[in-house]
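Notes for the one structure printed next.
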Amino acid sequence: MRIKQAAVAGMFYPQQTDELLQLVSQLLADNPQSGAKPEAIQVPHAGLIYSGGIAARAYNRIRPYLSDYSRVVLLGPAHRVPLQGMAVMAAEQWQTPLGKIEIDTQLSQLLQQEGMVSVNNLAHAQEHCLEIQLPFLQLMRPEVKVLPVLVGQTPVGAVESLITRVFAETQTLLLVSSDLSHFHSYEEAKQIDQATLSCIKQLSSHIQPQQACGCYALNGLLAYAAKTGLKAELLGYCNSGDTAGDHQRVVGYCAYAFR
């Protein structure tokens with residue numbers, strides 16, 4: 001059994017099981033959110049003390065419907081390794097302080113055979129943007145399978161095609177991981193991020209990397225939403241200056257439900 005070990009436990013979230021359970025439970029309790037069942041969500045991926053509250057709104061939104069999903073396909077950017085196209089990992093399980101979560105190797109192999117993704121373990125090795133989502137999923141539905149896909153510089157049509165393909169599999173939830181602007185002053189970041197939120201609301205698939213680090217995955221979802229009639233519902237917005245950081249260099253965070 002090939003197991004992917006956690007790379008950012010103790011950095012982006014607590015390494016101790018009890019401490020992690022307590023933090024994730026508290027974030028969910030403090031950020032209630034209800035509404036119709038989404039086909040997809042977008043969530044941020046900073047350390048839990050920074051963006052966990054915004055992420056928790058999206059997870060609370062899917063919580064009543066988690067038994068309807070047999071897999072969560074996770075799309076996010078590669079921060080540490082230059083990447084063209086889309087990459088899966090070879091592992092069969094992913095280990096975190098909350099235990100092991102199963103990877104949907106069957107769907108992974110199908111996507112590889114169809115030429116949509118390739119295996120790139122190096123890109124996944126130290127990446128945080130998908131790992132930071134696992135404690136929420138493990139707490140709420142530990143038996144759900146995940147399929148982590150890193151989306152590098154990829155044409156929007158290719159990402160949209162991948163999304164269309166994974167939705168051909170029943171009981172699939174799509175999760176796109178992205179933060180917003182990086183390292184502007186508090187007020188400047190709010191202005192930049194509001195323009196990006198407007199693009200998301202309009203399902204404009206032309207968001208640039210300086211607006212959202214996960215823009216390649218996000219644009220694919222927006223293109224898919226525009227084609228299939230999904231609406232983007234904003235669940236929350238803040239930046240690191242509102243949570244655990246200063247106001248000089250902030251990072252923006254949002255969460256959406258697509259339904």
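As the structure is a prediction and not an experimental result, all values here were calculated from the model. Note: hydrogens, waters and symmetry copies are ignored here, and every other heavy atom, side chains too, is used.
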Practice item. Take Tyr237 and Gln194, measure what side-chain hydrogen bond (donor to acceptor under 3.5 Å, both in side chains) needs, and give me the verdict at the end. Key: CA-CA 9 Å; Tyr237 166 78; Gln194 287 305 316; 5.3 Å; no
Next item on the list: Evaluate the criterion side-chain contact (heavy atoms from CB on, under 4.5 Å) for residue pair Tyr69 and Lys37; output intermediate values, then yes/no.
Entry: CA-CA 11 Å; Tyr69 306 118; Lys37 176 184 174 182; 3.5 Å; yes
Given side-chain hydrogen bond (donor to acceptor under 3.5 Å, both in side chains), test Gln109 with Thr105 step by step and report yes or no.
CA-CA 6 Å; Gln109 287 163 4; Thr105 53; 4.8 Å; no
Checklist line | Thr164 vs Lys227, side-chain contact (heavy atoms from CB on, under 4.5 Å): CA-CA, chis, key distance, verdict | finding: CA-CA 10 Å; Thr164 301; Lys227 184 175 285 188; 6.0 Å; no
### Query
Yes or no on side-chain contact (heavy atoms from CB on, under 4.5 Å) for Val151 and Leu162, after CA distance, side-chain angles and deciding distance?
CA-CA 11 Å; Val151 181; Leu162 177 86; 5.6 Å; no
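Panel note: side chain Gln126, backbone Arg80; no donor-acceptor pair is recorded below 3.5 Å. In this structure, the side chain of Thr17 engages the main chain of Pro97 through a donor-acceptor pair within 3.5 Å. When atom types are taken as modelled, the side chain of Ser161 and the backbone of Gly157 share a donor-acceptor pair closer than 3.5 angstrom. Using a distance-only test at 3.5 Å, with no hydrogens or angles considered, a donor-acceptor pair links the side chain of Asp193 to the main chain of Ser181. When atom types are taken as modelled, the side chain of Asn60 and the backbone of Asn31 share a donor-acceptor pair closer than 3.5 angstrom. With Asp246 contributing its side chain and Arg249 its backbone, the two residues share a donor-acceptor pair below 3.5 Å. Not a single donor-acceptor pair under 3.5 Å links the side chain of Thr154 to the backbone N or O of Val159. Judged by distance alone, with hydrogens and angles left aside, the side-chain atoms of Gln93 form no donor-acceptor pair with the main-chain N or O of Ala91 at under 3.5 Å. Not a single donor-acceptor pair under 3.5 Å links the side chain of Ser205 to the backbone N or O of Ala223. Judged by distance alone, the side chain of Asp179 and the main-chain N or O of His45 form a donor-acceptor pair under 3.5 Å.
The CZ atom of Arg165 sits 9.5 Å away from the OG1 atom of Thr172 when rounded to the nearest 0.5 Å. Note: Leu175 CG to Phe136 CZ = 10.5 Å, rounded to the nearest 0.5 Å. With rounding to the nearest 0.5 Å, the separation of CD in Glu92 from CE in Met1 is 5.0 Å. In this structure, NZ on Lys4 lies 9.0 Å from CD on Glu127, to the nearest 0.5 angstrom. Between Leu197 atom CG and Cys254 atom SG the span is 5.5 Å, to the nearest 0.5 Å. Note that the CG atom of Leu173 and the OH atom of Tyr65 stand 12.5 Å from one another [nearest 0.5 Å].
A 6.0 Å sphere centred on CD of Gln106 holds no more than 12 heavy atoms belonging to other residues, nucleotides or ligands. Under a cut-off of 6.0 angstrom, the local environment of CD in Gln191 is sparse, with at most 12 non-hydrogen atoms contributed by other residues, nucleotides or ligands. The 12-atom threshold is not exceeded at CD of Gln16, counting heavy atoms of other residues, nucleotides or ligands nearer than 6.0 Å. Other residues, nucleotides and ligands place no more than 12 heavy atoms under 6.0 Å from the CD atom of Gln22.
Pairing each heavy atom of Ala58 with each of Ile41, the nearest pair is CB-CD1, 4.2 Å. Between Gln112 and Val119, the shortest heavy-atom distance links the atoms OE1-CG2, 3.4 Å. Nearest heavy atoms, Pro209 versus Tyr216: CG-OH, 4.1 Å. Residues Cys213 and Pro77 come closest through the heavy atom pair O-CB, 3.4 Å. Looking at every heavy atom in both residues, Ala78 comes nearest to Leu150 through CB-CD1, 4.3 Å. Considering every non-hydrogen atom in both Asn219 and Ser204, the closest pair reads OD1-O, 4.1 Å.
Criterion: ILVMFWY side-chain heavy atoms under 4.5 Å apart, direct or through other members. Under it, Tyr13 and Met11 are part of a common hydrophobic cluster. In the hydrophobic cluster analysis, where Ile, Leu, Val, Met, Phe, Trp and Tyr join through side-chain heavy atoms closer than 4.5 angstrom, Val43 is grouped together with Met140. If you chain together hydrophobic residues whose side chains sit under 4.5 Å apart, Val146 and Val88 never meet in one group. Hydrophobic clustering keeps Val117 apart from Leu74 (ILVMFWY residues linked when any side-chain heavy atoms are closer than 4.5 Å, directly or through intermediates). Linking ILVMFWY side-chain heavy atoms closer than 4.5 Å, directly or via other members, places Leu218 and Ile62 in two distinct hydrophobic clusters.
Ring centers of Phe258 and Tyr224: at least 6.0 Å apart, outside the cut-off.
A salt bridge links Glu143 with Arg141: the distance from a Lys NZ or Arg NE/NH1/NH2 to an Asp or Glu carboxylate oxygen falls below 4.0 Å.
Residue Asp242 is tested with Tyr50, Tyr186, Tyr253 for a side chain to side chain donor-acceptor pair (under 3.5 Å); the sole match is Tyr186.
Taking the six-membered ring where tryptophan is involved, the planes of His128 and Phe12 are essentially parallel, since the angle between them stays under 30° and well short of 60°.
In the model, Tyr59 has a side-chain atom that pairs as donor or acceptor with a side-chain atom of Gln133 under 3.5 Å.
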